[in-house]
Amino acid sequence: MHTMEKPVVWALLLCFVAVVNGVQTTDLGQNGASAGTTQPYRTAYHFQPLKNWMNDPNGPLYYKGVYHLFYQYNPYSAIWGNMTWGHSISNDLVNWVHLEHALNPIEPYELGGCFSGSITMLPGGRPVIFYTGADTNNFQSQNLAFPKDPSDPLLREWVKSPHNPVITAEDDIEPSDFRDPTTAWQAVDGTWQVLIGGKIDGRGMAYLYQSNDFINWTRSEKIFHSSVKTGMWECPDFYPVSINGKDGVDNYLEKGNTKFVLKASFLDHDHYILGYYKAERNGFQVEATDFMEANTDWRYDYGGKFYASKTFFDGGKKRRILWAWIMEADSRANDIKKGWSGLQSIPRVVWLSASGNQLMQWPVEEIESLRKDEVEIKDKELEKGSLVEVVGITAAQADVEISFELPNLEDAEQMEPSWTDPQLLCAQKNAAVEGRLGPFGLLVLASSNLTEETAIFFRVFKNHSRHIVLLCNDLSRSSLSRDVRKTTFGAFLDINPLQESISLRTLIDHSIVESFGGGGKACITARVYPVLAVDKEAKLFAFNKGSHNIKILKLNAWSMKEAKILPIMKRRKPPV
Ligand SMILES: *[C@@H]1O[C@H](CO)[C@@H](O)[C@H](O)[C@H]1NC(C)=O
Ligand SMILES: *[C@@H]1O[C@H](CO)[C@@H](O)[C@H](O)[C@H]1NC(C)=O
Ligand SMILES: *[C@@H]1O[C@H](CO)[C@@H](O)[C@H](O)[C@H]1NC(C)=O
Ligand SMILES: *[C@@H]1O[C@H](CO)[C@@H](O)[C@H](O)[C@H]1NC(C)=O
C-alpha cells in the first residue's frame with residue numbers, strides 16, 4: 001500500500017514545487033558539504049534547514065502518504081530565539097522539501113516563542129497541533145492549531161484556535177516551567193489525555209490533563225509521574241511498544257501485549273523507563289527501576305548531544321520512529337560564523353528488545369538508499385596492535401557496519417567493583433590505553449598520521465564469571481581545535497559475547513558520528529570538528545590495541561550519497 005502511494009506523493013511534491021516556484025527548482029545540494037573548506041562541518045545526509053538555528057523536533061507525522069517534520073527554528077539567526085515551527089515534508093525520511101513555517105509567534109500568548117509540542121489525530125483523521133506558547137514574560141501556556149485544509153496532504157497552512165490558550169499554569173505550577181505537550185490519547189470512555197512537562201521545587205514531573213472535547217482541559221489530581229532526582233522534565237513522550245515483535249503500536253490502543261515507555265529530557269540526556277499503564281486508573285506503573293535509580297539508567301543515546309526527542313507511529317510501515325535534536329559542541333561564536341546550529345538525528349526505529357528490559361534503536365531502512373561504493377572485508381584476523389585502513393569510500397560521508405569475534409574470552413580482565421560508571425571508565429581507559437580484550441573498533445574522521453582521530457571501540461571484561469562489554473566513544477583526539485568540546489562517552493552493552501558477535505554500526509557525516517552497538521542496544525552520538533581530517537582528507541580504520549588477536553567477522557562500508565533537501569519555494573509571479 002505504501003509503495004502504491006509513492007508516485008502520487010512525488011507527483012504532488014513536484015507539482016507543488018513547480019506551481020509555487022513558477023520556475024525550475026535548483027537543487028542547492030543540501031548542504032554545501034561539497035562546498036569544501038568554507039563549510040567543512042555541514043552534513044550531507046542529515047536533516048538541516050538551509051541556515052540558522054534549529055532545535056527540537058516537533059509533531060512528526062505520517063499523513064496521507066507524506067512524512068512531516070516540524071521543528072523549533074529561529075528564522076533570523078544561528079542562535080536560539082524567535083522560536084517558530086519550521087516545516088518540511090518527505091516521501092522517504094531521507095530527501096526533504098522545506099515548506100513555509102507552520103507556526104509563527106504572533107499572538108500575545110506566544111510572543112516569546114512557539115515552543116515544542118506534538119500532533120494528535122482526532123477521530124475522522126483531522127490532525128491537531130498541541131504546542132506551548134510563551135508570552136513576553138515567559139509565562140508558558142498550551143495552545144492548539146488546526147490545518148486550514150485537512151485534505152491537503154502537505155498541510156501547508158495552520159490556523160490557531162480561537163480558544164487559545166487552552167491550558168494555563170494553575171497557581172501551584174511554575175509558569176516558566178510548564179511546556180511540551182505530548183501526543184494526546186483517548187481512554188476507553190473517549191476522554192482525551194495529554195502529558196505536560198514541569199517542575200515543582202526541583203522535582204521533575206509530567207502533569208496529566210484530561211478533556212472531553214480537546215478544548216476544555218482539567219488537570220488530574222494525581223501527578224502522572226515524577227522524580228526528585230531529575231530536575232525539570234522537558235519534552236515528555238509516552239507510548240506503547242509491542243512485547244513481542246518489532247511492529248510499532250499507535251499512540252494508545254487498549255490491548256494486551258504492550259509495555260509503555262515514559263521518556264523525559266533532563267540533565268542533557270533523554271532518559272526512559274518502562275512500565276504498564278491503564279487509562280482508567282490514570283496510572284503508570286514502573287516495571288523495574290525509576291529514573292536515575294540504578295545503573296540501569298536507560299538512555300536513548302549515551303552521547304551528550306541527543307536531546308528533546310520525540311517519537312511518532314508511522315502507519316505506513318507500522319513502526320515507531322524516533323527523532324532527536326543533535327546540538328553543536330562548538331562555540332556560539334563558531335555557530336554565528338558558520339551561520340547555522342543544530343541537526344536532526346537520522347530517524348531511528350524503536351522497539352522493545354527480545355528480553356523486554358530495554359529499547360532497541362536502528363536507523364530507518366530508507367537511509368540505505370544512499371549507500372554506494374560498497375567495500376567488504378570478511379574473516380580477517382586483526383592482530384594485536386594492528387590498524388587496517390578501509391579504502392575505497394568517502395570516509396567523511398559513510399555508513400560502516402563491523403562485527404568482531406574474540407577467540408580468548410576467558411582471558412578477559414576482571415572488573416573492579418568501583419567500575420560502575422561506563423562514561424568514566426571510557427575516559428580512564430581511553431583509546432590510547434592498551435588492554436587485554438580491547439580497545440578494538442573503528443577510528444573515524446582520522447587524519448592520515450592520526451593526529452586527529454575519533455575512536456569508537458569496545459573493551460570486554462569479566463565481572464566474576466559474567467562478561468561485560470563496554471562501548472566507548474573517545475573524542476579526546478578528535479580535533480586540533482581548542483574551541484570545541486571533546487568529551488568521552490560510554491555505555492555498557494547488554495550482550496553476551498559467548499553467544500553473539502560484538503557488532504557496531506557507525507554513520508559518519510562530516511561533523512556527526514552516530515554509533516549503534518549490539519544491533520541498537522546502546523547508541524552514542526557525537527559531534528566532531530576535525531581540522532585536518534576534513535572531506536577527502538578523512539580516513540577510516542579498524543584497530544585493535546588489545547594484547548590478543550581478534551577477528552573481523554565482517555566489515556561492510558559504503559560511501560553515502562547526499563540527500564536532496566530542496567529549499568523552500570517562494571511564491572513568484574510566472575514570467576510574462
Ligand atoms: C528576533 O527577531 C528580530 C526581528 O524580528 C531580530 O531583531 C532579533 O535579533 C531576533 N533575535 C534573535 C535572538 O534571533
Ligand atoms: C470543563 O470541564 C469541566 C470538567 O469536565 C467542567 O466542570 C466544566 O464545566 C467545563 N467547562 C466548560 C466551559 O465547558
Ligand atoms: C601530522 O600531520 C599534520 C598535518 O600535515 C602535521 O601538522 C603534524 O605535525 C603531523 N604530526 C605528526 C606526529 O607527524
Ligand atoms: C558486577 O557485579 C557486581 C556484583 O554482582 C554488581 O553489583 C555490578 O553491578 C556488576 N557490574 C556491572 C557493570 O554489571
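In listed order, ligands and their atoms are each counted from 1. Just so we're clear, the structure is a prediction, and the values are computed from it rather than from any experiment.
For the pair Trp80 and ligand 1, a heavy-atom separation below 4.0 Å is found.
Shortest contact from atom 5 (O) of ligand 1 to any protein heavy atom: Tyr76 CZ, 3.9 Å. Among all non-hydrogen protein atoms, the one lying nearest atom 14 (O) of ligand 1 is Asn74 ND2, 2.9 Å. Residue, atom and distance of the protein heavy atom nearest to atom 10 (C) of ligand 1 are Asn82 ND2, 2.4 Å.
Numbered from 1 in the order shown, with element, the atoms of ligand 1 that lie under 4.0 Å from a heavy atom of Ser77 read 14 (O). Every atom of ligand 4 with a heavy atom of Phe492 under 4.0 Å away is listed here by number and element: 13 (C).
Within the 4.5 Å cutoff, the side chain of Leu274 has no heavy atoms near those of the Asn357 side chain.
Residues Asp494 and Lys521 are not paired through a salt bridge, judged by the lack of any N-O separation under 4.0 Å between the basic side chain and the carboxylate. Remark: Lys199 does not engage Glu174 in a salt bridge, criterion side-chain N to carboxylate O under 4.0 Å. Salt bridge Glu170/Arg219: present, at least one basic N to carboxylate O contact under 4.0 Å. Electrostatic pairing of Asp301 and Arg348 counts as a salt bridge here, judged by a charged N lying under 4.0 Å from a carboxylate O. Using a cut-off of 4.0 Å between Lys/Arg side-chain N and Asp/Glu carboxylate O, Arg179 and Asp177 are scored as salt-bridged.
Residue Ile468 touches ligand 4 through its side chain alone, judged by heavy-atom distances below 4.0 Å.
Per-atom contact check: atom 2 (O) of ligand 2 touches the protein, criterion being a heavy-atom distance below 4.0 Å. For atom 7 (O) of ligand 2, no protein heavy-atom neighbour is found at a distance under 4.0 Å.
Looking at ligand 4, you'll find an N or O of Asn463 within less than 3.5 Å of one of its N or O atoms.
A ring-centre distance under 6.0 Å is found for Trp419 and Phe461.
Scanning Asn216, Thr191, Asp213, Thr218 for the heavy atom closest to atom 11 (N) of ligand 2 points to Asn216.
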From CA spacing to verdict: ring pair (Phe, Tyr, Trp, His ring centres under 6.0 Å), Phe284, Phe260
CA-CA 8 Å; Phe284 174 69; Phe260 280 79; 7.5 Å; no

